[in-house]
Each structure stands twice: as C-alpha cells, then as structure tokens.
Amino acid sequence: MENVLRLTDMSIAFGGLMALDGLNLEVNKGEIVAIIGPNGAGKTTAFNCITGIYTPTSGNIEYLGESIINKEPSDITKKGIARTFQNIRLFKELSVFENVLIAMHLRYNDNIFTSTFRLNKKMEDEMREETKKLLDSQDLYKYRNDVAGSLPYGIQRRLEIARALATSPTLLLLDEPAAGMNPQETMELTSYIKKIRDEFGLTVLLIEHHMDLVMDISERIYVIDFGKLIAKGTAEEVQNNPKVIEAYLGVQDDA
Amino acid sequence: MNKLNFKEKTNINLLMYLAIIVVSVTILIFLDMNKFQYNYVISIIEKSLVYAVVALSMNIVTGFTGLFSLGQAGFMALGAYTTAILTIPIASRPNVYYMNGILPALENAIVPIPVALILGGVVAGVFAALIGIPILRLKSDYLAIATLGFSEIIRAVIASPMMDKITNGSYGLKSIPGFKSSLECFAYSLICIVIMILIINSSTGRDFKAVREDEIAARAVGINLFKTKELSFVVSSFFTGIGGGLLAMFMRSIDSKTFQITLTYDILLIVVLGGIGSITGSIVGAFFVTAGKELLRFFDEPLIIGGVQIPLFKPGFRMVIFSILLMIVVLFFRKGLLGGKELSFNKLMKVRRKKNLDEPGGNA
Ligand SMILES: Nc1ncnc2c1ncn2[C@@H]1O[C@H](COP(=O)(O)OP(=O)(O)OP(=O)(O)O)[C@@H](O)[C@H]1O
Ligand SMILES: [Mg+2]
C-alpha cells in the first residue's frame with residue numbers, strides 16, 4: 001500500500017504547552033482515516049503543522065515520501081494537500097463562483113501581465129469552465145452568484161469542500177466537517193465523503209469530535225489526548241480501549 | 001442563452017462607459033476652447049483626475065488586498081520628482097537650480113513626458129518592492145505606521161541639502177511642463193484607471209481579494225501570501241508614482257512640503273468616502289472631495305454677519321468640516337458611500353433580468 005502521509009515523532013510546543021507530543025501517524029493511499037480526541041487535544045494543531053501554518057518543534061512530516069517541513073503553505077497545497085477549517089474559512093464577501101475559481105488558480109500559470117491584458121483568456125475560460133463543472137457536480141451551481149458568507153451553514157461547509165477539491169488534491173484534510181450538523185445531515189455527509197473519495201481518487205484524513213460519527217466511515221482511527229496518541233486501530237479496537245473511554249468520560253459534557 | 005445575456009450585459013456597460021468618455025471628452029474640448037473663462041473649472045477637473053488615479057491605486061492595496069498602507073505621499077513624491085527632473089526644459093534648468101547647481105549627469109537628461117511618468121512609477125515601484133520585503137511581513141497595523149514613516153523619510157531626504165543637486169533641496173522644482181490641455185491630463189488618467197480596473201478584475205485581482213478576505217484560507221488554496229502582498233503593494237505604488245508625476249505636471253512647481261501627510265490624508269478621505277474596495281467609489285469620490293473642498297472654501301474666509309465676525313470661519317475650518325464628514329461616513333456608512341459595491345448601469349437601469357440567467361463573474 002502506498003504511503004501518502006507519515007508523521008514521525010512530531011511535537012509542537014506553544015510556550016510551555018506541548019500541544020502535540022511525539023505524534024506518529026500514517027495515512028495510505030485511498031484510505032479514510034480519522035483523528036479523534038477531546039477538546040484541546042491537539043487535532044487542529046496537527047492539521048496546521050501538516051499544512052505548514054505551524055512549524056513543528058521537532059519530528060518530521062512526509063508527504064508521498066518527501067519531507068514537507070518548513071514549506072510554504074501555498075506550496076504544500078500545490079503539492080496536493082487541501083484542507084477545510086473547523087471554523088469555516090470562506091472568502092466571505094466573494095461569490096460562490098469566485099471562491100472556487102480562486103482555488104483553480106494554482107494549476108494555471110498566468111502572471112500579472114497576461115492576466116491584466118487578458119492574454120490568458122484561454123486559461124481563464126478553461127478555469128471558468130472547470131469551476132462550472134465542479135460546482136455542478138457538487139450541486140452548488142445554483143448558488144454561484146450568491147455571496148459565500150450569506151449562505152446557510154451547511155452549504156458553506158459543502159462549498160469549502162468544493163473549494164478544496166478545486167485545487168485537485170491527493171490528500172484531503174477535513175477539520176470537523178460535521179460540526180453543527182444534525183444526525184440526518186451527518187449521515188448524508190458520511191456518504192458524501194465516501195463519494196468524493198471514490199470520484200476524485202482522494203485519500204482523506206478527517207478530524208471528528210464524536211466517535212460514533214467516524215465509526216461508520218473511517219478505516220482506521222487515531223485517538224489523541226493532551227497532545228499524545230493514546231490509541232489507534234479500527235473503530236472497534238478504539239471503542240473498547242480503556243484509555244479512550246477514560247479520556248472521553250472526562251469530557252463527556254461537551255462531547 | 002446564458003452567454004447571450006452575459007454578452008448583452010457587458011456590452012451595455014461598455015457602451016455606457018464609452019458614452020461617458022465621449023461626453024467627458026466633448027466637455028473637456030469645450031472647456032479647453034474657452035480656457036480663460038473656465039480656468040478654475042479646468043483646474044478642479046484636472047486635480048480630480050489625478051486624485052482619482054492615486055485613490056484607485058490606494059484602493060488596490062487597501063480596499064482589494066486588505067493592507068492598510070499610508071505611504072501615498074511618499075510614493076507620489078518619488079514619482080513627482082522623477083517626472084519633474086526628467087521633463088523640466090533643459091534651458092530652464094540653470095534657472096531652477098540657481099542656488100546649488102545641478103548634478104552634471106542630470107543637466108541634459110530629458111525624456112518625453114509619458115516616459116518620464118512611467119519612470120516615476122517605476123522608481124516608486126522599486127522603492128515599494130524594497131521596503132515591502134521587511135514591512136509586508138508585519139501585521140497590518142504596523143504596516144500603516146511603517147509606510148507612514150517611510151513617507152516622511154522620503155520627504156526629509158528630498159529636502160535635505162545632500163540632495164540639493166538633484167531635488168534642489170528645500171527650494172523645490174519649478175518650470176515643470178504642465179498639461180497642454182485638460183484632454184492630455186484626461187488621457188493619462190484614463191489609461192491608468194483602465195489598466196488598474198483590468199488588474200482588479202483579473203485573476204491577479206482575485207488573488208488580492210482572496211488575501212483580503214482570509215489570509216489563511218488564501219494560503220490553503222495555494223496563494224503565496226507574501227508574493228501576492230508584495231505584488232499588490234508594488235503595483236499600487238507604481239500607479240501612485242505615476243499619479244505623483246501627474247500632480248507635478250498639474251502643479252508645475254513642487255517642493256517637499258507638497259508631499260506632507262495631509263496629502264495622504266486627502267487620498268484616504270477619497271477612498272474611505274467613496275468606499276473601500278469600490279472602483280467607482282474612488283473615482284466619484286475624487287471629484288466629490290476635490291470639488292467639495294473648493295465649494296467649502298468660503299468657510300475658510302472670515303464671515304461677518306451684522307458686523308459680528310463668526311469665530312469659526314477661519315483658514316482650516318473647511319478641513320474640520322471635511323473631517324466631520326469623514327467621521328459621519330465611517331460611523332454610519334461603515335463601508336463608504338458605495339460600500340464596496342460598484343455603480344453599474346445595469347443596476348441603474350434595471351436591465352438585469354432574471355437573476356439566474358446571467359453568467360457569474362461577468363465583470364472579468
Ligand atoms: N497558536 C497557538 N498558540 C498557543 N496555543 C495554541 C495555538 N494553537 C493551539 N494552541 C493550543 O494547543 C492546544 C490544542 O489545540 P487544538 O486547536 O489543536 O485542539 P483541538 O484538538 O483541535 O480541539 P477542538 O476539538 O476544540 O477543536 C490547545 O490547548 C490550544 O489552546
Ligand atoms: Mg480543532
């Protein structure tokens with residue numbers, strides 16, 4: 001099985017706080033892998049390290065066999081890692097169409113001269129055509145002229161995924177994609193994630209707060225608590241792990 | 001069907017803009033022909049045009065990229081001095097530099113006006129590129145302070161005795177060739193404005209907007225934050241430099257005091273009043289503020305009613321009025337009069353038919 005992502009002994013400290021402490025994690029091609037853990041466990045921090053927003057204090061991150069530590073976030077995206085954010089980050093005042101169109105830019109090589117004097121017309125047309133197709137396939141085309149920030153929450157989440165897909169990723173990172181969704185919507189999301197995985201040939205790493213949600217979808221699960229990996233394995237293995245039960249009992253209130 | 005409607009919409013807008021240009025040109029020709037009668041009006045129009053260029057260039061960096069830069073006066077100074085030095089007639093130079101003489105290399109350096117304007121833009125752009133490297137990595141609030149400081153440094157350097165043979169130090173430069181007609185001013189401004197609009201509506205402009213909207217999300221879709229900011233800053237400064245050159249031509253004589261902070265403040269006023277992130281706002285705002293300041297001039301004259309001099313009416317009072325106006329706009333129209341939107345003939349004429357018929361991003 002081809003390895004897509006490998007974190008080795010990755011640690012990051014903020015001041016005195018070890019947000020991640022020696023994390024080891026692997027994701028293989030075509031897998032859907034989940035990271036779970038209580039609030040403040042360090043899940044989002046792991047994503048921020050992978051995408052280059054934070055630089056780990058120590059350890060290594062390999063993507064398709066190549067170390068991506070110290071790389072610019074935009075370069076990491078260009079290599080094929082796309083993500084969504086826990087607190088949706090859309091280009092709020094731009095249209096749905098523009099949100100996706102902007103994410104198409106990275107695959108086209110135009111510069112300020114070609115774009116200003118419209119010498120890139122062919123590229124621009126292609127980008128627009130692709131955007132249209134992608135929006136169509138994600139059932140978002142009808143919203144294309146709407147201002148992204150004005151859309152209902154659920155649609156914004158889907159748009160954020162569509163925007164990530166527009167960068168043609170190999171590895172898709174989803175940070176709590178089901179946050180704020182009701183059980184019905186969550187179920188739909190589950191099948192949607194599987195669908196795009198197959199359609200776009202993706203490898204997916206996702207963060208979820210609630211264990212029961214990821215049981216259905218993920219082949220393997222990593223459990224983090226206080227920055228440390230406390231368990232890993234299949235849904236069943238993880239579910240019956242006493243450490244996991246303990247970690248979750250401690251925070252049952254906000255789970 | 002979609003395409004048709006989209007084309008139609010673009011064409012109507014384009015036609016209307018062409019119509020505006022034709023009408024403007026006609027009016028300007030008329031004014032030029034009666035120059036002596038309309039001198040005052042012509043000068044207001046020319047100044048408005050120059051300010052429109054600078055305001056729009058400020059809007060590129062502030063309104064469209066979300067970087068709050070306050071270096072306008074400094075970049076204008078660079079453009080203005082470059083243009084002036086390279087266009088003052090050779091015969092007039094001994095007269096201009098009568099105190100300290102002129103650098104031998106500059107004695108005979110003269111280029112056509114359009115070339116001088118572009119070089120002015122290039123000089124401003126190069127400075128922007130250099131100072132951009134350290135300061136664009138700063139948080140936005142520091143950026144404003146750093147650019148403001150830069151602007152003052154440029155002014156101090158220009159006025160320093162060290163630069164006497166180039167900038168003529170504190171004496172300033174005069175005999176700068178002015179616009180032969182208001183049409184010349186209009187042509188230069190129009191070219192700058194059109195190119196800036198093309199940039200804003202291009203894929204490069206979309207990257208600027210993405211950075212403005214959300215820096216982290218922009219990086220996550222493959223936009224290099226620093227390169228994009230640097231590009232926006234350089235482009236903006238380039239046009240600010242050209243705007244400075246145009247201002248030099250408009251004023252015909254400049255010195256370091258021309259480029260005080262109040263100049264940046266004037267431009268800021270236009271951008272904020274017109275609407276941060278609105279192209280038409282900056283253009284309309286430039287005319288509104290420039291003409292408004294002239295109309296408000298009587299507030300600066302002593303006013304005597306029934307033998308009593310009203311105390312408020314003294315030089316500087318109109319600036320107070322303008323500042324109050326600015327505060328009102330900021331308080332009640334947070335996003336300026338146009339609020340980041342554009343004046344468009346489609347909206348005005350309501351030719352927009354069913355919403356779902358028009359193609360997205362029609363303005364590109
Ligand atoms: N930039 C930062 N500076 C300082 N501390 C940070 C920073 N980012 C994260 N942390 C801290 O690191 C810890 C892990 O945070 P993180 O956001 O990764 O948690 P999480 O597992 O995603 O939690 P949640 O389920 O609430 O999203 C927290 O204690 C947080 O306060
Ligand atoms: Mg999180």
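Just so we're on the same page: letters track the sequence lines, and every chain starts at 1.
With a 4.5 angstrom heavy-atom cutoff, A:Met127 touches chain B only via side-chain atoms. Contact of A:Leu90 with chain B is made through the backbone alone, with heavy-atom distances under 4.5 Å. Contact of A:Lys92 with chain B is made through backbone and side chain together, with heavy-atom distances under 4.5 Å. Interface residue B:Leu231: only side-chain heavy atoms are found under 4.5 Å from chain A.
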### Message
Run the side-chain contact (heavy atoms from CB on, under 4.5 Å) test on B:Arg219 and A:Glu72 for me, step by step, so that the C-alpha distance in whole Å, both residues' side-chain angles and the decisive distance to 0.1 Å come before the verdict.
### Response
CA-CA 8 Å; B:Arg219 298 171 102 180; A:Glu72 223 331 279; 3.4 Å; yes
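Within 6.0 Å of NZ in A:Lys142 there are more than 12 heavy atoms belonging to other residues, nucleotides or ligands. Applying the 6.0 Å contact sphere to OH of B:Tyr142 captures no more than 12 heavy atoms from other residues, nucleotides or ligands. Atom OH of A:Tyr63 is surrounded by more than 12 heavy atoms from other residues, nucleotides or ligands within 6.0 Å. When the shell of 6.0 Å around NZ of A:Lys121 is examined, it contains 12 or fewer heavy atoms from other residues, nucleotides or ligands.
Rounding to the nearest 0.5 Å gives a distance of 4.5 Å between CD of B:Glu213 and CG of A:Leu94. Note that the CZ atom of A:Arg83 and the CD1 atom of B:Ile216 stand 8.0 Å from one another [nearest 0.5 Å]. The distance from atom OG of B:Ser203 to atom CD of A:Glu98, rounded to the nearest 0.5 Å, is 12.0 Å. The CG atom of B:Asp214 lies 11.5 Å from the CD atom of A:Glu93; values are rounded to the nearest 0.5 Å.
When each of A:Leu101, A:Thr84, A:Asp75 is checked for heavy-atom pairs under 4.5 Å with chain B, A:Leu101 comes out on top. Across A:Ser74, A:Pro73, A:Gly52, the residue that shares the most heavy-atom pairs under 4.5 angstrom with chain B is A:Ser74. Contacts with chain B were tallied for A:Arg89, A:Met104, A:Met123; A:Arg89 has the most, counting heavy-atom pairs under 4.5 Å. The residue among B:Ile223, B:Leu225, B:Ile197, B:Ile200 with the most heavy atom pairs within less than 4.5 Å of chain A is B:Ile223.
The shortest non-hydrogen separation linking B:Ala217 to A:Phe91 is CB-CE2, 3.8 Å. Summarising the geometry of A:Phe85 relative to B:Ala220, their closest heavy-atom pair is CZ-CB, 3.7 Å, with the distance given to 0.1 Å. Smallest separation of non-hydrogen atoms from B:Leu198 and A:Arg118: O-NH1, 3.1 Å.
Taking 4.5 Å as the heavy-atom cut-off, the residues of residues 157-177 of chain A that approach chain B are A:Arg163, A:Thr167, ordered by number. The stretch residues 107-117 of chain A places A:Asp110, A:Asn111, A:Ile112, A:Ser115, A:Thr116, A:Phe117 near chain B, each with some heavy atom under 4.5 Å from a heavy atom of that chain.
Salt bridge status for A:Glu124 with B:Arg206: present, with a side-chain N to carboxylate O gap under 4.0 Å.
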